[in-house]
Structures are given as C-alpha cells and as structure tokens.
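Working notes for the structure below.
Each ligand, and each atom within it, is numbered from 1 in the order the structure gives.
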Amino acid sequence: MKPIRVGLLGFGTVGRGTYEILRRNQEEIQRRAGRGIEIVKIAVRDAARARTVVGAGIEVTDSPEQLVGSAGIDIVVELIGGCDPARALVLEAIGNHKHVVTANKALLAVHGNEIFAAAHRVGVMVAFEGAVAGGIPIIKALREGLTANRIEWIAGIINGTSNFILSQMRATGASFESVLEQAQALGYAEADPRFDIDGVDAAHKLTILCSIAFGVPIRFEAAYMEGIGKLAAADIRYAEQLGYRIKLLGITKRTSHGVELRVHPTLVPMQRLLASVEGPMNAVLVKGDAVGTTLYYGPGAGAEPTASAVVADLVDVTRTHTADPDNRVPHLAFQPDALVNLPWLGIEDTVTSYYFRMRVADRPGVLADIARILADHRISIDAMFQREPSEGENQTDIILLTHEALERDVNAALGRIETLPTVLAPVIRIRQEELL
Ligand code: NDP
Ligand code: HSE
C-alpha cells in the first residue's frame, strides 16, 4: 500500500522532532501502522533554513495556505502554535477533508468546540495527544483506558517549564530568570514564556482534560489561573518544614455543585508521588470511581517526547481513517451530542485546605486575635508554627495550615486579619491538596 502523505505546518522544536522520529523509526512505524507515513511537504516562515535540514523529496514552502489546500496530502500536522493563523489553517484543512494532528493546546482550549464540530461535520479526525502533558499518553488513557469510569477529579503537573523552574530553584538556588533561560534554550517554554509562568498553558491543557473527563464542552474562560511568579523562597522552605512541596497543579473536580477548573501553586504532601516529580517531567493523577486513583508520569515537554505523541496520533489516524466516522473514538471521549453543560464553580466556591504566612508584630495576643477571626469564619487550624525571631527583632512569621474551608470564607477572614494593626503585611495564601 502507498504511504499516507503528511504535510507539516511548522518545523521548530516539535516539528523537527516529528521529522526525526519518522525518519529514524520508519520501519517499525510502518509495521505498526500497516503502511508507511511520509512527510511530503513542510510549511514554515523561513523556508531556506528548513531546506538545509530536510532530505530531498520533501517540498518546503513558506505558504501554509498552499499546504492545507494541497491535493497530495492526507494528514495535516499543525505545529505552528498560537491561534492565528493556526485556527484558520486547521479549519481550512478540515474543510479540504484532511485529517489533522496538532499539539496546540492554546488553539484547542480556545477554539476546540468549533474545530471538533467542523471535523465531525465532514467526518475527519483531529488528534491531539501531544497537546497535553507532552509524551504521556494521557488523552488515550482518559478517552479509552478509563472509559468505564465516572471520573471524579484530575490533578496534575502539566507544565514542564514551571516545574523545571521550581525544581531547579529549590535544588540549586539558581535565580528564576536564569532557570527560565535554560528552559527556553531546551525548547520547553512557549513562544511567550508568560504562558508557562502565569499558569495559562497549564489551564489550556486542564481545560481539555476537564472536557474529556466529564463530558462537558471546552470552556477555557471558566479556568482560574495563578502562576509561580509570586512564589517566595521562604514559602518553599516553610512548606518543606511542614512536610509539603509546592507544585503548580492543574486541578479539575466534579462536585455536587458543579465543576472546578483551577491552576495554582499547591502544597502537596511530601509522601505523594506527585511531590517527587522534578524538572520538565509531568504527572497526572486521575481519580475514577471504579479504578480508584491512577498516575501517569513522563516528560511533559521537549522535541522528541512531544513528537512521540504526535507520531502516535499519526499512526492512529493511519490505522482508522478508513473506518466509519461514527465508530471512531469521539474527539472529546463522549459522543458530540452527549456533551452536557454543568455549572462552573468560581474560585470563591472552591473548598480546600490552606497554608497562610503572616508577618506579625512579636507581641502577646496576636495569635489569639487571628485564631478568633478564623473561627468566626468557620476556618479551623490544623497546624502552626512561629519562626523564632532573631535577637532584637520585634516581628516574626506565623505559618498556619488549615482544615478544609470555603475560599469565600477565607477571603473574608484574611480581609479582616489584614486590618489588625499587629499584622504587618498582606497574608500569603497557598492552597493545599491531600490528593487522596
Ligand atoms: P517553535 O516555535 O519551535 O516552532 C514553530 C514553527 O512554526 C517554526 O518552524 C515556525 O517557522 C513555524 N511558524 C510559525 N508561524 C508560522 C506561520 N505563520 N506560517 C508558517 N510557519 C510558521 O514551536 P514548538 O515546536 O515548540 O511548538 C509547536 C506547537 O507544539 C505549539 O502549539 C506548542 O504549544 C506545542 N507544544 C510544544 C512543546 C514543546 O516542548 N516545545 C510540547 C507540547 C506542545 P520558522 O522556523 O520559519 O520561524
Ligand atoms: N511549554 C510547555 C511546557 C510545553 O513547558 O509544559 C509542553 O506543552
């Protein structure tokens, strides 16, 4: 049988990784897919540069529009990133009855409903394993392996760059800026690294996971995002003293009131496997009602780990493109007409435990005032310690861990605590999850 013909939009970190894997492992891939998978055309901005790398027989163009319209292409792989021009190109490819593979989580989190609807209308596949957690086959696990389960929650380290930054800063004491530069040089970071640091990239991925887990439409606007930019070394240290490590987690839960969708730094108990996930590695915990808790771990970013997922999608499409579209695995795990709208919970409706750090005057009665206000707002203290003030110092840090509380109550309590004359700075608050 003739090879299936692939057009590659973008030849950067992941595009080159995809090219390299297809070249190196072509024989085994063909044995698995049942036919060859061949890149026939590549579109980039700087065609001359790409031409110096690719072998003869692959056409390189600077016109992505020409590639998606090309009659000689069966599958378009979109690895440009961002929404513009990626959205228009993907829709055009679908309109031309081409299957699409993409690792572009920003595109799917923002325009996924439109793209999947267009693909469904014409009966083509849009595969996106590389869009979430790099090389970890989490989409396949959720959509297929766990399909018997009612998924209760997902919690994951799903941004390699921010995990790399947190790990390196803790292990080597290196500055935020220098570690970010390393992450960029290694190809982990987004074109705009604020997406990584501010939690936006993790929220894009979490939005996709949420939809697949609960059978709801993709709704990026519902995501709460807080990144790692404001984390202080003191909090990382105090958390360790209390037996926790701080990780940027994406958490989505189905509660009796609705769906939570949130990304923020989180205290994770040191004994959980998630706490030991370091560097650019990702890990996703999924709680299903039948299977219990399962954990998926692996490289979350980088050329070949991500390309591994892209090529797996190419093999999937190659195997199934002749199947009746109605008998394929649905894009979002649930049949398109069976997606349901559930209420979305804002961060104020979230119930979780908290870490507070309070800079206070070192004098009698301070703690009693704070404890009374917390009690007034139904917040119960689980643990606390006070840093020993240095000789002659008249202020100190109080560190508190709470039991579960409603974020709205926490906001009200902290608002009052911050008006106390003995509380000298805004209270630092980090959410905490037991992940059981
Ligand atoms: P890069 O920035 O390394 O590469 C982007 C490529 O797209 C370049 O070859 C660039 O061309 C090309 N390109 C950009 N704009 C256009 C355009 N308008 N027309 C034609 N070509 C264009 O990105 P990555 O490979 O890192 O990322 C690609 C996608 O994969 C993104 O969606 C990203 O979020 C996602 N992803 C990345 C991961 C990673 O670890 N890097 C991991 C998981 C997903 P030129 O070279 O000529 O400038
Ligand atoms: N910038 C992303 C990350 C790439 O660091 O996780 C992988 O999606």
So which protein heavy atom does [atom] come closest to, and at what separation?
atom                    : answer
atom 40 (O) of ligand 1 : G302 N, 2.7 Å
atom 15 (N) of ligand 1 : I80 CG2, 3.5 Å
atom 45 (P) of ligand 1 : R49 NH2, 3.4 Å
atom 8 (O) of ligand 2  : K105 NZ, 2.5 Å
atom 30 (O) of ligand 1 : A103 CB, 3.7 Å
atom 6 (O) of ligand 2  : G160 N, 2.7 Å
atom 5 (O) of ligand 2  : T161 OG1, 2.6 Å
atom 39 (C) of ligand 1 : G187 O, 3.5 Å
atom 34 (O) of ligand 1 : E190 OE1, 2.8 Å
atom 37 (C) of ligand 1 : V14 CG2, 3.5 Å
atom 20 (C) of ligand 1 : V44 C, 3.6 Å

Regarding ligand 1, does [X] bring an N or O atom to under 3.5 Å of one of the ligand's N or O atoms?
X    : value
G130 : no
P85  : no
P64  : no
A303 : no
G134 : no

Nearest protein heavy atom under 4.0 Å from atom 23 (O) of ligand 1, yes or no
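There is no protein heavy atom less than 4.0 Å from atom 23 (O) of ligand 1.
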Would you say the side-chain atoms of E434 and Q432 include a donor-acceptor pair closer than 3.5 Å?
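Side chains of E434 and Q432: pair found under 3.5 Å.
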Under 3.5 Å side-chain donor-acceptor pair for E240 and Y238
no
Suppose I only count heavy atoms of [X] and a 4.0 Å limit; which atoms of ligand 2 are within that range?
X    : answer
D201 : 2 (C), 3 (C), 6 (O)
E190 : 1 (N), 2 (C), 4 (C)
K205 : 2 (C), 3 (C), 6 (O), 7 (C), 8 (O)

Report yes if the distance between the aromatic ring centroids of F116 and F128 is under 6.0 Å, otherwise no.
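Yes.
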Could you tell me the separation between the [atom1] atom of [X] and the [atom2] atom of [Y], rounded to the nearest 0.5 Å?
X    : Y    : atom1 : atom2 : answer
Y244 : S353 : OH    : OG    : 7.5 Å
E278 : N163 : CD    : CG    : 6.5 Å
I430 : L401 : CD1   : CG    : 10.5 Å

Looking at [X], I want to see if its [atom1] is surrounded by more than 12 non-hydrogen atoms of other residues, nucleotides or ligands under 6.0 Å.
X    : atom1 : answer
H257 : NE2   : no
R32  : CZ    : no
Q271 : CD    : yes
L273 : CG    : no
R319 : CZ    : yes

Output yes when a side-chain donor or acceptor of D62 lies under 3.5 Å from a complementary backbone atom of A47, and no otherwise.
no
Under a 4.0 Å heavy-atom limit, does T306 contact ligand 2 with its side chain, its backbone, both, or neither?
neither
Looking only at heavy atoms, is any part of D196 under 4.0 Å from ligand 2, and if so is it the side chain, the backbone, or both, or is it neither?
side chain
[X] heavy atoms, cut-off 4.0 Å: which ligand 1 atoms fall inside?
X    : result
A301 : 40 (O)
G10  : 6 (C), 7 (O), 9 (O), 12 (C)
L79  : 5 (C), 6 (C), 7 (O), 28 (C)
D46  : 47 (O)
F11  : 6 (C), 8 (C), 9 (O)

Would L79 and N104 count as a side-chain contact (heavy atoms from CB on, under 4.5 Å) if you check the C-alpha gap in whole Å, the side-chain angles of each, and the deciding distance to 0.1 Å?
CA-CA 7 Å; L79 297 170; N104 190 339; over 6 Å; no
Which word best sums up how the rings of H99 and H321 line up, parallel for under 30°, tilted for 30 to 60°, or perpendicular for over 60°?
perpendicular
Kindly determine whether R262 and E433 satisfy salt bridge (Lys or Arg N to Asp or Glu O under 4.0 Å), including the steps that lead there.
CA-CA 12 Å; R262 50 190 167 101; E433 293 283 341; 2.9 Å; yes
When you measure from the heavy atoms of [X] to every atom of ligand 1, does any distance fall below 4.0 Å?
X    : result
K105 : yes
A191 : no
R16  : no

Does an N or O anywhere in A301 fall below 3.5 Å from an N or O of ligand 2?
no
State, with a plain yes or no, whether a side-chain heavy atom of V122 is found less than 4.5 Å away from one of I94.
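The answer is yes; the side chains approach within 4.5 Å.
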A side-chain contact here means heavy atoms from C-beta on lying under 4.5 Å apart; do T293 and V286 qualify?
no
Tell me which part of T306 gets within contact of ligand 1: side chain, backbone, both or neither, using heavy atoms under 4.0 Å.
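The answer is the side chain.
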Candidate pair E38 and K2, rule salt bridge (Lys or Arg N to Asp or Glu O under 4.0 Å), full reasoning:
CA-CA 10 Å; E38 195 174 292; K2 279 193 188 155; over 6 Å; no
G300 near ligand 2 by a heavy-atom separation under 4.0 Å
yes
Check against salt bridge (Lys or Arg N to Asp or Glu O under 4.0 Å), K41 and E59:
CA-CA 5 Å; K41 195 177 279 205; E59 188 188 334; 3.5 Å; yes
